[in-house]
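Beneath this line is the structure, given in structure tokens, with notes to follow.
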There are 2 protein chains.
Amino acid sequence: MLQLLICCYICFMLKAERLQKIVEQIAKDNKVILDDLSQLLNVSTDTIRRDIKELSDKGLLKAVRGGAIIGSPVHPHFKERQNIDTQHKKVIAQKALEFIKPGQVLLINAGTTTTAIVSTLPKEIALTVITNSFPIVSILEDYPNITVFFIGGQLNKHSFSTTGYETIEAIRNFRADICLLGICSIDLKVGITGFDHQESLVDRAMIETSKHIIALSTYEKLGASDPYYVCAANAIDVLITEKDPSLADLAGFKDAGIMIK
Amino acid sequence: MLQLLICCYICFMLKAERLQKIVEQIAKDNKVILDDLSQLLNVSTDTIRRDIKELSDKGLLKAVRGGAIIGSPVHPHFKERQNIDTQHKKVIAQKALEFIKPGQVLLINAGTTTTAIVSTLPKEIALTVITNSFPIVSILEDYPNITVFFIGGQLNKHSFSTTGYETIEAIRNFRADICLLGICSIDLKVGITGFDHQESLVDRAMIETSKHIIALSTYEKLGASDPYYVCAANAIDVLITEKDPSLADLAGFKDAGIMIK
DNA sequence: CAATATTATGCAAATATTTGCAAACAAACA
DNA sequence: TGTTTGTTTGCAAATATTTGCATAATATTG
């Protein structure tokens, strides 16, 4: 402890280093105290508070008055929401929210964009969410009015989701109002395609069992294509990107009967 | 207890921590006494009273005159349970390991004891694990040679697992070599019983579809009983506790044909 | 019913958090 | 090099929460 103190006192410390030390401390003691950290890391309590807020947003700990305590017993890896805070995804998430109404049944596939949407849902909203994504279920743990059905199957250690025969069979037992579909690529002619065969099959099953499909894609993925076919472009009802829907590039999708947001 | 006292007396304590300790105590003793807590946690009785009211509002306990008792037959939150009895759970985990051989198919239910076992598995072991526990699947993410099937169903926000019709149906599609069953209570006459109805049903389904059943229980749960029946005591093959298997109290189980470890 | 113990409420002091702001600093670019 | 842009950090005022105490209300017991 003294070593840590000396080290921190003498040498300059990167912000990332500080965050790491906070996470380490939480892992060790199950808690951190704001003032202690402030002294230990030689920064103001304001900074520590902001750090804790940041880590809390990522789901790595739980901010409480005066410090922070350990979050859920779910592995941090499942909760890492590092890549979802990008500006683009926030914009898409905001746009998607207006389609989601209390009481609906949502089917949500695994991906950083859909995870971003889920993490921006209002805390008290009442919904039924069906998903095969572990990060999404870890977020929804804290939503008291959301009933969550998790779709079982074989764990896919790369996408943090389940895939395979059991997953697809399980999906077919549901019927959702809206499918929120984070997609790899979409092209008017080729349709929606994906990078992972198993996930493509899951996406297809989700589409088939949902009344309305809302596809989520960053602008750069438009017109691209990947190895595995999911569905035709006009199988979707709404396409949300981070750009202005009146952009010329998007006209083709509109003509195909897809609502652009 | 003395340690707790000293700790609390010396070091500053977050409010959130205090609330956790109250819930832990409830989980352990089924009750808390207001004045005791006040002394133990070094705050006024008013504060404890407000704490109890807060927890009672959340449904984690039931406020009664002079303290609080265990609330509904809902388990305290997993988070608050995970630190209880850790030493015992480590011992049980070590004993359980000798039954697990490479190549086996394991069916594992949700609970802190089974989670402890999984986290002590050797990193390179090759297994197939079927589970409905989110903490367990999050641990197994890092095991390259373990194939994981996750059993879907409705998310149970208290136990971090899935339960319900879909879960039970999905379990019936598997056939496991070994079922690792963390249990609430076991009594020779009454059998194995549980606190949560849904989880009891899941446990039963797991038992029915496994060749060998290894039940895991801390010693204090022996001879106890809970509201929901799971199975007869002799339905299990092995019972592991943290105590020496030659203890007199355990003789009855041996006579019933259960191997004690 | 009276005596006693327990709980609820209002209040004020201490403490923590939020918010806006400005200085310091770093990265990108002409 | 200088300028711009964005991030990080500390400060301070406004706000909110927590806590213990005093007091009133309520429940328990004989």
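Protein chains get the first letters and strands the later ones, always in sequence-line order, with residue 1 at the start of each.
Look at CD on A:E54: it is 13 Å from C1' on D:dT9, rounded to the nearest Å. The nearest whole Å value for the distance from the CZ atom in A:R18 to the C1' atom in D:dT7 is 12 Å. Rounded to whole Å, atom C1' of C:dT7 lies 15 Å from atom CG of B:D57. Residue A:N42 contributes atom CG, which lies 13 Å from atom C1' of D:dT9 at whole-angstrom precision. We find that CG of B:D36 is positioned 12 Å from P of C:dT6, with the value rounded to whole Å. Protein atom CG of A:D51 is 16 Å distant from nucleotide atom P of D:dT7, rounded to whole Å. In this structure, B:Q39 places its CD atom 14 Å from P of D:dG20, rounding to the nearest Å.
When atom types are taken as modelled, the side chain of A:S56 and the backbone of A:K62 share no donor-acceptor pair closer than 3.5 angstrom.
One axis for each end of the helix from C:dC1-D:dG30 to C:dA30-D:dT1, each built from five base pairs, and the angle between them comes to 30° at 10° resolution.
Under a cut-off of 6.0 angstrom, the local environment of NZ in A:K101 is crowded, with over 12 non-hydrogen atoms contributed by other residues, nucleotides or ligands. Around NZ of B:K53, the count of heavy atoms belonging to other residues, nucleotides or ligands within 6.0 Å does not exceed 12.
Side-chain contact check for A:T162 versus A:N156: every heavy-atom pair is 4.5 Å or farther apart. Annotation: side chain of B:T115 is not in contact with side chain of B:V118 (no heavy-atom distance under 4.5 Å).
A:D187 meets the side-chain contact (heavy atoms from CB on, under 4.5 Å) test with A:K189, A:V190; sequence neighbours excluded. Every residue meeting the side-chain contact (heavy atoms from CB on, under 4.5 Å) condition with B:T113, not counting sequence neighbours, appears here in chain and number order: B:K89, B:I92, B:L216. By the side-chain contact (heavy atoms from CB on, under 4.5 Å) test, A:D237 is found to be paired with A:H212, A:I213, residues two or more places apart in sequence or in another chain being considered.
Shown are A:D244, A:T241, A:D249; of these, the side chain to side chain donor-acceptor pair (under 3.5 Å) with A:Y219 is made only by A:D249.
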Using a 4.0 Å heavy-atom cut-off, write out nucleotides 16-21 of chain C from 5' to 3' as B (base contacted by protein), S (sugar-phosphate only) or - (no contact). SBB---
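Between the side chains of A:S159 and A:S161, at least one donor N or O sits under 3.5 Å from an acceptor N or O.
Using the six-membered ring where Trp is involved, B:F134 and B:F150 have ring planes that are tilted, between 30° and 60° apart.
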I'd like a table of atom pairs between the protein and nucleotides 22-24 of chain C - only N or O on both sides, under 3.5 Å - with the distance next to each one.
none

